[in-house]
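A note on names: the letters A, B, ... follow the listed sequences, proteins ahead of strands, and every chain is numbered from 1. Not measured: the values here are computed from a predicted model.
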Number of protein chains: 2
Amino acid sequence: MKMAQLSSASGVPVATIKYYLREGLLQPGQRSGPNQSLYGPEHLRRLRVIRGLLDVGGLSVAAAHQVIDAIDSDLGLAHTFDIAQRTVSPQLERTALAPDALAQVDDVLDGWLVSPDNPGRLAAARVLQTFRELGQPDLSGWVPAYAAAALAVADADLDEIDARADRESKTEMVVIGTVLGDALFAALRRAAQEHVTAERYAAPPAP
Amino acid sequence: MKMAQLSSASGVPVATIKYYLREGLLQPGQRSGPNQSLYGPEHLRRLRVIRGLLDVGGLSVAAAHQVIDAIDSDLGLAHTFDIAQRTVSPQLERTALAPDALAQVDDVLDGWLVSPDNPGRLAAARVLQTFRELGQPDLSGWVPAYAAAALAVADADLDEIDARADRESKTEMVVIGTVLGDALFAALRRAAQEHVTAERYAAPPAP
DNA sequence: AACTATCGGATAGTGTCGCTGTCTATAGCG
DNA sequence: CGCTATAGACAGCGACACTATCCGATAGTT
């Protein structure tokens with residue numbers, strides 16, 4: 001497959017593919033001459049992964065690069081998870097967070113095996129800190145429901161990863177699932193919000 | 001409160017506050033002279049809301065503007081939800097989505113009262129379409145778990161909104177909850193992933 | 001062999017975004 | 001009186017994700 005075909009098959013402009021090659025997001029094709037390269041189906045697939053991470057997952061090119069490197073490198077499952085999580089999470093210093101916001105998170109994470117520097121723990125603390133700054137410290141009916149739902153989803157994530165056969169496929173699901181899972185849940189939450197709102201407040205249909 | 005105090009109390013630079021004023025994100029203070037204005041606690045609070053939407057929620061300034069206008073305008077709950085959802089969701093054309101991806105979503109949304117143009121429904125279809133393009137059409141063990149979790153979270157969202165006393169407070173929770181709820185869930189999912197991974201694959205602790 | 005389209009590679013330019021810095025003419029304040 | 005602060009206008013900046021242009025060489029067509 002040549003550049004033009006790769007471009008039309010993926011829907012990505014040639015100039016953009018060249019840009020991805022420059023940035024190292026996409027592997028160079030197989031050289032067939034001093035100024036010719038051939039691309040295979042794996043390039044097409046990689047291009048689709050890239051567009052998914054950028055467009056659907058909302059990642060920056062730099063973040064997509066890190067995440068793709070994690071797919072390619074042969075690390076353990078837990079380590080790959082860690083890289084994917086750190087890449088898609090905001091960089092937070094544990095010391096920059098209010099202790100009571102952290103305590104509020106830990107309260108809800110009671111019994112979980114989570115490292116103190118887990119990016120999710122810190123990001124959750126920041127969200128709760130924001131609510132506190134807005135004068136809404138009591139979310140004891142709300143946050144635990146999120147934690148329970150997150151646990152169920154994480155279980156499903158691991159089930160889905162287990163269902164993959166080979167290591168490469170598992171790794172890819174870790175990375176893509178981490179990124180696209182956020183988008184999927186957010187989307188389904190919107191649909192569920194409309195449903196629950198309709199169910200609670202709309203006039204019941206005539207019999 | 002004068003500009004300098006508003007700045008130091010909120011931690012937002014004066015130049016940035018001026019920028020927010022220019023953009024209409026923040027209401028002008030009460031004029032006390034041709035080149036003097038006074039700001040009240042409501043400006044400080046609004047500034048905190050803005051920073052929460054931008055930094056924690058990851059919204060653009062334009063999106064934050066729309067969302068803040070939704071807080072201020074006196075619309076019904078369902079309508080406010082709609083504005084908040086459309087603002088934070090990608091703009092998708094229903095016709096640009098693959099019918100089988102949409103069918104896959106509707107399959108999992110079975111029995112829900114959701115309009116065909118619900119932004120969440122369309123966004124979910126796009127995520128599933130991306131998985132399909134990567135050759136993973138069978139996610140029948142995965143997506144339903146997300147839907148169930150989203151339903152539970154949406155229920156908690158509505159409970160929390162119901163718990164607010166006045167209309168203004170409800171509206172604010174709709175908007176802020178929509179934006180920060182995404183961030184909160186994503187964060188807790190990361191923590192839960194580490195927990196489940198540790199629980200499943202780590203050596204059990206010695207007795 | 002001539003010719004045209006395409007290629008890889010390098011470099012420069014574009015548009016958007018979220019600020020940030022500078023300027024001017026006032027005004028408050030000690 | 002003099003110093004600092006302020007509102008408002010406007011230009012500039014750095015990051016980002018492309019996009020466009022040019023070059024010399026080669027591939028495929030005739």
Response to the item:
Here the distance between atom P of C/dG28 and atom NZ of B/Lys2, to the nearest Å, is 9 Å

Worksheet item: Parallel under 30°, tilted from 30 to 60°, perpendicular over 60°: which one fits the rings of A/Phe185 and B/Phe185?
Response: parallel

Worksheet item: B/Ala125 and B/Leu102: which non-hydrogen atoms are nearest, and at how many Å?
Response: CB-CD2, 3.7 Å

Practice prompt. Kindly state which residues belonging to residues 83-92 of chain B come within less than 4.0 angstrom of DNA chain D, counting heavy atoms of the residue only, listed by number.
Written response: none

Discussion item. For a quick test of reading the model: is some side-chain N or O of A/Tyr20 closer than 4.0 Å to OP1 or OP2 of D/dC18?
Written reply: yes

Response to the item:
Whole-Å distance, A/Ile17 CD1 to C/dT6 P, equals 15 Å

Item to complete: With B/Val143 as reference, evaluate B/Leu128, B/Val127, B/Val105, B/Asp138 under the side chain to side chain contact (heavy atoms under 4.5 Å, CB included) test and give the passing residue.
Response: B/Leu128

Practice prompt. Under 4.0 Å between any heavy atoms, over every strand shown, what does B/Ala15 touch: base, sugar-phosphate, or nothing? Just pick one.
Written response: base

Worksheet item: Toward the 5' end of DNA chain C, which comes first, B/Ser32 or B/Val61, by nearest nucleotide?
Response: B/Val61

Worksheet item: Atom CD of A/Gln27 to atom P of C/dG8: distance rounded to whole Å?
Response: 15 Å

Discussion item. If the threshold is 4.0 Å, N to carboxylate O, is there a salt bridge linking B/Arg200 and A/Asp159?
Written reply: yes

Please list, pair by pair, any protein nitrogen or oxygen found under 3.5 Å from a nitrogen or oxygen in nucleotides 7-9 of chain D.
from: D/dA7; atom 1: OP1; to: B/Ser37; atom 2: N; distance (Å): 3.4
from: D/dA7; atom 1: OP1; to: B/Tyr39; atom 2: OH; distance (Å): 3.0
from: D/dA7; atom 1: N7; to: B/Lys18; atom 2: NZ; distance (Å): 3.2
from: D/dG8; atom 1: OP1; to: B/Arg31; atom 2: NH1; distance (Å): 2.6
from: D/dG8; atom 1: N7; to: B/Lys18; atom 2: NZ; distance (Å): 3.3
from: D/dG8; atom 1: O6; to: B/Lys18; atom 2: NZ; distance (Å): 3.2

Discussion item. Whether B/Asp55 and A/Arg126 form a salt bridge (side-chain N of Lys/Arg under 4.0 Å from carboxylate O of Asp/Glu) is what I want to check.
Written reply: no

Worksheet item: B/Gln30 CD to D/dT6 C1': how many Å, rounded?
Response: 16 Å

Worksheet item: How many Å lie between CG on B/Leu53 and P on C/dC17, as a whole number?
Response: 17 Å

Discussion item. Salt bridge (charged side-chain N to carboxylate O under 4.0 Å, His left out), that's the test. Do A/Arg46 and A/Asp72 meet it? Break it down for me.
Written reply: CA-CA 11 Å; A/Arg46 173 58 55 91; A/Asp72 289 336; 2.9 Å; yes

Worksheet item: Just to confirm, is there a sub-4.0 Å distance from OP1 or OP2 of D/dA17 to any side-chain nitrogen or oxygen of A/Thr16?
Response: no

Practice prompt. Please name the pair of heavy atoms, one in A/Ala145 and one in B/Val153, separated by the smallest distance, quoted to 0.1 Å.
Written response: O-CG2, 4.4 Å

Item to complete: Give the rounded distance in Å between these two atoms: CD of A/Glu23 and C1' of C/dG9.
Response: 14 Å

Response to the item:
In whole angstroms, the gap separating P of C/dG9 from CG of A/Leu26 amounts to 12 Å

Worksheet item: Mind checking whether B/Trp112 and A/His195 have parallel, tilted or perpendicular rings, split at 30° and 60°?
Response: parallel

Item to complete: Could you tell me the separation between the OH atom of B/Tyr19 and the C1' atom of D/dC10, rounded to a whole number of Å?
Response: 14 Å

Fill in: Closest contact, heavy atoms only, A/Ala150 versus B/Ala192
O-CB, 3.6 Å

